[in-house]
K.L.:
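My questions all concern the structure below.
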Amino acid sequence: MEDSKKQSDNSGSDKTPKVTGIGGIFFFSDNPKDTKDWYAKNLGLDVNDWGSTFESRNINNPDDIEALQWSTFKKGDDYFSPSKKEFMINYRVQNLEGLLEKLKQNGVTILDEVAAYDYGKFVHIMDADGNKIELWEPM
């Protein structure tokens, strides 16, 4: 029982490779600019060229500000490829390299190499239903 308690600790000391939250929701639109404008006008989203960012605090570490990115893509954009779906979810993860090792062992399709930026590391995988998933480990 003690081990399972340790693995669910999100205080920063837990390095278990796993998803820790949703990092983004992305979907196709016939006209991304009009869609963003509609959400701004009708639902009050603060939008920019990239969409809208929702910030929250980590309940286990209130000094950590987490972000969820909402964004539209032009219908048919190849960023979701090879998925044929109209959406893609970005999951916030911890220990991305450890998680990739686990996914490889489980036979999960990994679509690309890890890409590192100032704001985190990213990689894309496919789930069992053919959905492209973006994994993001914030810096």
Side-chain angles (χ1 to χ4, degrees):
M1 195 66 171
E2 192 64 35
D3 286 343
S4 64
K5 185 177 180 183
K6 196 171 244 185
Q7 290 202 1
S8 65
D9 172 23
N10 289 328
S11 67
S13 62
D14 176 21
K15 299 301 178 204
T16 304
K18 65 182 178 183
V19 168
T20 61
I22 303 291
I25 300 169
F26 311 117
F27 61 95
F28 283 142
S29 169
D30 289 328
N31 188 325
K33 182 187 179 323
D34 286 352
T35 300
K36 286 186 274 188
D37 290 347
W38 185 93
Y39 274 84
K41 176 182 175 183
N42 294 292
L43 298 180
L45 267 65
D46 183 18
V47 298
N48 58 32
D49 289 342
W50 303 106
S52 186
T53 303
F54 298 86
E55 292 183 342
S56 60
R57 296 217 179 253
N58 180 326
I59 195 166
N60 295 310
N61 190 358
D63 290 336
D64 285 350
I65 297 175
E66 297 178 343
L68 182 140
Q69 184 65 34
W70 173 95
S71 191
T72 58
F73 285 76
K74 177 73 175 156
K75 188 172 270 190
D77 190 298
D78 66 357
Y79 191 66
F80 294 13
S81 293
S83 176
K84 304 291 186 216
K85 307 295 173 97
E86 301 260 330
F87 67 92
M88 183 175 67
I89 297 176
N90 166 298
Y91 290 100
R92 187 174 39 252
V93 303
Q94 64 184 23
N95 190 353
L96 181 60
E97 284 79 11
L99 183 57
L100 282 174
E101 286 305 314
K102 178 180 177 180
L103 295 172
K104 287 176 188 175
Q105 291 172 6
N106 290 341
V108 172
T109 300
I110 300 168
L111 297 171
D112 47 20
E113 300 293 320
V114 174
Y117 302 93
D118 291 343
Y119 46 89
K121 297 184 284 186
F122 295 83
V123 71
H124 298 93
I125 65 171
M126 295 294 284
D127 74 7
D129 289 323
N131 298 305
K132 184 176 181 181
I133 295 172
E134 188 170 64
L135 302 176
W136 167 51
E137 182 175 15
M139 293 295 200

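Count residues from 1 along the sequence.
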K.L.:
Same cluster or not: are Met88 and Leu96 linked, directly or through other Ile, Leu, Val, Met, Phe, Trp or Tyr residues, by side-chain heavy atoms under 4.5 angstrom apart?
P.N.:
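In one cluster with Met88: Leu96, no.
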K.L.:
Could you tell me which non-hydrogen atom of Thr72 sits nearest to which non-hydrogen atom of Pro32, and how far apart they are?
P.N.:
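Closest approach of Thr72 to Pro32, heavy atoms only: OG1-CB, 3.2 Å.
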K.L.:
Any idea which heavy atoms bring Arg57 and Ile65 closest together, and the distance?
P.N.:
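Nearest pair, atom of Arg57 first, then Ile65: NH1-CG1, 3.4 Å.
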K.L.:
Looking only at heavy atoms, what is the nearest atom pair of Asn90 and Glu134, with distance?
P.N.:
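In this case the closest contact between Asn90 and Glu134 is ND2-OE1, 2.9 Å.
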K.L.:
Nearest 0.5 angstrom please: Ile25 CD1 to Ile89 CD1, how far?
P.N.:
6.5 Å
K.L.:
Any chance you could lay out the side chain to side chain contact (heavy atoms under 4.5 Å, CB included) test for Glu137 and Glu97, step after step, and finish with the verdict?
P.N.:
CA-CA 10 Å; Glu137 182 175 15; Glu97 284 79 11; 4.0 Å; yes
K.L.:
Please check if Trp136 and Val93 belong to a single hydrophobic cluster, counting links between Ile, Leu, Val, Met, Phe, Trp and Tyr side chain heavy atoms closer than 4.5 Å.
P.N.:
no
K.L.:
Given the rule in the side chain to side chain contact (heavy atoms under 4.5 Å, CB included) test, do Ile22 and Tyr91 qualify, once you have shown the distances and angles that lead to the verdict?
P.N.:
CA-CA 5 Å; Ile22 303 291; Tyr91 290 100; 3.5 Å; yes
K.L.:
Can you tell me how far apart CG (Asn131) and CD1 (Ile125) are? Round to the nearest 0.5 Å.
P.N.:
10.5 Å
K.L.:
If you count heavy atoms of other groups shown closer than 6.0 angstrom to NZ of Lys85, is the number above 12?
P.N.:
yes
K.L.:
What are the two closest non-hydrogen atoms of Asp129 and Asp127, and how far apart are they?
P.N.:
N-OD1, 2.8 Å
K.L.:
Asn58 versus Thr20: any side-chain heavy-atom pair under 4.5 Å?
P.N.:
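Contact flag for Asn58/Thr20 side chains = no.
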K.L.:
Quick one: which residue pairs count as a ring-ring contact (aromatic ring centres under 6.0 Å, His included) with a foot in residues 98-117, not counting sequence neighbours?
P.N.:
Tyr117-Tyr119, Tyr117-Phe122
K.L.:
Could you tell me which non-hydrogen atom of Lys132 sits nearest to which non-hydrogen atom of Met126, and how far apart they are?
P.N.:
CA-SD, 3.7 Å
K.L.:
Does atom CG (Leu43) have a neighbourhood of more than 12 heavy atoms from anything else shown, all under 6.0 Å?
P.N.:
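Yes.
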K.L.:
Tell me if a side-chain donor or acceptor on Lys74 pairs with a main-chain N or O of Phe28 at a distance below 3.5 Å.
P.N.:
no
K.L.:
Calculate, to the nearest 0.5 Å, the distance between atoms CD and NE2 belonging to Glu113 and His124 respectively.
P.N.:
13.0 Å
K.L.:
Within the supplied structure, the quantity of interest is the number of heavy atoms (other residues, nucleotides, ligands) at a distance under 6.0 Å from Asp46 CG; does it exceed 12?
P.N.:
no
K.L.:
Listing request: all ring-ring contact (aromatic ring centres under 6.0 Å, His included) pairs with a residue in residues 39-76, at least two apart in sequence or in separate chains.
P.N.:
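ring-ring contact (aromatic ring centres under 6.0 Å, His included) check on residues 39-76 returns Phe26-Phe73, Phe27-Trp70, Tyr39-Trp70, Phe73-Tyr79, Phe73-Phe80.
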K.L.:
Could you give me the CA-CA distance, side-chain angles and deciding distance for Gln94 and Thr16, then say whether side chain to side chain contact (heavy atoms under 4.5 Å, CB included) is met?
P.N.:
CA-CA 7 Å; Gln94 64 184 23; Thr16 304; 4.2 Å; yes
K.L.:
Taking all heavy atoms of Gly130 and all of Ser83, pick out the closest pair and write down the distance.
P.N.:
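Looking at all heavy atoms of both residues, the closest pair is O-OG, 3.0 Å.
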K.L.:
What's the separation between atom CG in Asp37 and atom CG in Leu45, rounded to the nearest 0.5 Å?
P.N.:
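Asp37 atom CG to Leu45 atom CG measures 11.5 Å (nearest 0.5 Å).
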K.L.:
As an exercise, state the distance from CD1 of Ile110 to CG of Leu100, rounded to the nearest 0.5 Å.
P.N.:
5.0 Å
K.L.:
Atom NZ of Lys121 and atom CG of Leu135: how far apart are they, to the nearest 0.5 Å?
P.N.:
12.0 Å
K.L.:
Just by modelled atom types, is the Ala67 backbone N or O under 3.5 Å from a matching donor or acceptor in the Arg92 side chain?
P.N.:
yes
K.L.:
Return yes if some donor-acceptor pair links the side-chain N/O of Ser29 with the main-chain N/O of Asn31 below 3.5 Å, else return no.
P.N.:
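Yes; judged by distance alone, with no hydrogens or angles, the pair exists.
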K.L.:
Taking Val19 as the starting point, is it possible to reach Leu111 by hopping between hydrophobic residues whose side chains are less than 4.5 Å apart?
P.N.:
no
K.L.:
Are side-chain heavy atoms of Leu68 and Ser56 found at a separation under 4.5 Å?
P.N.:
no
K.L.:
More than 12 foreign heavy atoms under 6.0 Å from NZ of Lys33: is that the case here?
P.N.:
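No.
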